[in-house]
Amino acid sequence: MPKSVSTAIHSQEREQKALLRAFTGTVRHYWGNWAAVFSGVKDPRIPERITYPLESLLFTGTFLFVCHLGSRRGLNDRLRGNPAAEAKMAAWFGVESIPHGDSLNYTFRRLEANEVQEVICRSVECLVRKKVLSRYRLLGLHYLVAIDGTGVLTFRERHCPHCLTKTFKSGKTIYYHPVLEAKLVTANGLAFSLLTEFIENTDLSADKQDCELKAFYRLSQRLKARFPRLPMCLLLDGLYAGGPTFQICTDYDWKYLIVLREEDLPNLHRSFAVAMPQLPNQHKQVDLSEVNLHLRTEQVKQDYGWVEGLSYADSQKRVHRLNLIECQETRTDLHRQITSIHYKWVTNFSLTSRNVDQLANQGGRLRWKIENEGFNVQKNSELNLEHPYSQDPTARKIFYLLLQLAHLIFQLIHKGSLLRQTFPDGLRTAKNLAFRLLEAWRNLSLSTIDFLALAQGRFQIRLDTS
């Protein structure tokens, strides 16, 4: 074999080992083995009839999303029957083959969704406890939790009794399944699912459908019960600007930054407009102009104004004292084109000239992370969030939750130092990382000892903070 070919093969094997080490090492470093990850999920099957341990099925469902296979058929086509992939499964779970996608569906129909949800809660809780995310807290204390809803499945005909319905002026009716997500977000682009509330018509005799606000009240109770001592700042859009939300945050000792549109709480806007001219000292100008190689590339200037203690009476006659931040941002590009953007947030943070821009730039504006790094990534990549992985309502939820777990793991790999040791410049895109990880899993043949050794030893993982 020519030396150049041998060198190329050796280089490829080295890179594939590094990818597998990044995957297996990340899971082991944070949570241990897969049995530990999925502990607490009860197996409803008859022991004498079990071919695949439950953790092997849950792992396979998670790996489907980690490698962006897109569907259960993609899992069957790309992994089943592949000797290298099946050898790795045998090393971890003692099984002879990779489970069929139908086996996953059959088992997931019988699981409890709340037990799989707890897997995700416990995984994020472990990151918090190990202080992996401490540097991303707002004002050094509050974890940023963005809450928003998104559509998952849409059908032309009724999918199940719990479908929500929407009828258009044309007379066309669609049947859909949305979810409400609470995601822990960070300035460097992480968006980890913390808790999921499925929006569905569980009470078929009710006059009104379930909705995002009802789901938010349920989610809030669950969030407080599951993370009672976690210092949170909720990042919300204007839909939630109202008395119930303000009262919930007061009762649960949560901070909040809620985007306030012009049509939201009009009395509050008027009170702000009246008070602002009387508070000349409550203004601050910030220059965020980006500098590249000491040359000014873009001018970004912000003008802040804020008022504290604005009175707001809700529909239940409860009076809330609210603080409001206004920001007028002006951007001037290289062509001297000027763009102005106007923001307002209502909050229960005490406001000063020292923190008002931090609350806006490092807090309120990060609400978009749940859309960009969260929903958009999951919908517009091969994570394929809007694909119906199962027609069964329970199995559908299990697949959805495993997608959230896979996305969490994938982000830790993508931004982790284990990957950067071999790929200092990264792998450009998440799609490329998923593809190359899949190819390493399918093509790199390792003995059981060598495969298990990939994640052994002591090492640190540091996240990319850019």
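Note that the structure is a prediction, hence the values are computed from the model and not measured.
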Counting the benzene-type ring for Trp, do Tyr304 and His283 have ring centres under 6.0 Å apart?
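No, too far apart.
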Is it the case that the side chain of [X] and the backbone of [Y] share a donor-acceptor pair, with hydrogens and angles ignored and the cut-off at 3.5 Å?
X: Gln278; Y: Val274; result: yes
X: Ser71; Y: Gly74; result: yes
X: Asn380; Y: Asn376; result: yes
X: Arg436; Y: Leu427; result: no
X: Asn355; Y: Gln358; result: no
X: Lys130; Y: Tyr30; result: yes
X: Thr186; Y: Leu190; result: yes
X: His407; Y: Leu402; result: no
X: Tyr217; Y: Ile248; result: no
X: Asn348; Y: Trp254; result: yes

Apply salt bridge (Lys or Arg N to Asp or Glu O under 4.0 Å) to residues Glu329 and Arg365 and explain how you reach the verdict.
CA-CA 12 Å; Glu329 181 176 282; Arg365 297 185 70 170; 2.5 Å; yes
Test side chain to side chain contact (heavy atoms under 4.5 Å, CB included) applied to Ser123 and Leu405, step by step:
CA-CA 8 Å; Ser123 298; Leu405 176 64; 3.9 Å; yes
Considering all heavy atoms of both residues, which atom of Cys249 and which atom of Leu234 are nearest to each other, and what is their separation?
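Heavy-atom minimum between the residues: SG-CD1, 4.0 Å.
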Taking 4.0 angstrom as the limit, do [X] and [Y] come out as a salt bridge?
X: Glu382; Y: Lys431; answer: no
X: Arg218; Y: Asp210; answer: yes
X: Arg442; Y: Glu439; answer: yes
X: Lys397; Y: Glu200; answer: yes
X: Arg226; Y: Glu118; answer: yes

Partner set under side chain to side chain donor-acceptor pair (under 3.5 Å) for [X], not counting sequence neighbours:
X: Glu386; value: none
X: Asn281; value: none
X: Thr167; value: Thr173

With sequence neighbours excluded, give me every salt bridge (charged side-chain N to carboxylate O under 4.0 Å, His left out) pair touching residues 132-143.
none
Less than 3.5 Å apart, any donor N or O on the side chain of [X] or [Y] sitting next to an acceptor on the other?
X: Gln404; Y: Gln117; answer: no
X: Ser417; Y: Gln460; answer: no
X: Lys214; Y: Gln209; answer: no

When you look at CH2 of Trp31, are more than 12 heavy atoms from neighbouring residues, nucleotides or ligands closer to it than 6.0 Å?
yes
Rounded to the nearest 0.5 Å, what separation is found between the NE2 atom of His414 and the OG1 atom of Thr429?
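So the NE2 of His414 and the OG1 of Thr429 are separated by 7.0 Å.
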Measure the CG-CZ distance between Leu437 and Phe23 for me, rounded to the nearest 0.5 Å.
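One gets 6.5 Å once the value is rounded to the nearest 0.5 Å.
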Enumerate donor-acceptor pairs with a distance under 3.5 Å from any side-chain N or O in residues 238-247 to protein atoms, sequence neighbours excluded.
{"unit_1": "Tyr240", "atom_1": "OH", "unit_2": "Glu212", "atom_2": "OE2", "d": "2.5"}
{"unit_1": "Thr245", "atom_1": "OG1", "unit_2": "Tyr240", "atom_2": "O", "d": "2.7"}
{"unit_1": "Gln247", "atom_1": "NE2", "unit_2": "Asp251", "atom_2": "OD1", "d": "3.0"}

Which donor-acceptor pairs under 3.5 Å do side chains of residues 146-153 form with protein atoms, sequence neighbours excluded?
{"unit_1": "Thr150", "atom_1": "OG1", "unit_2": "Lys379", "atom_2": "NZ", "d": "2.5"}

Can you label the angle between the Phe63 ring and the Phe59 ring as parallel, tilted or perpendicular, going by 30° and 60°?
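Parallel.
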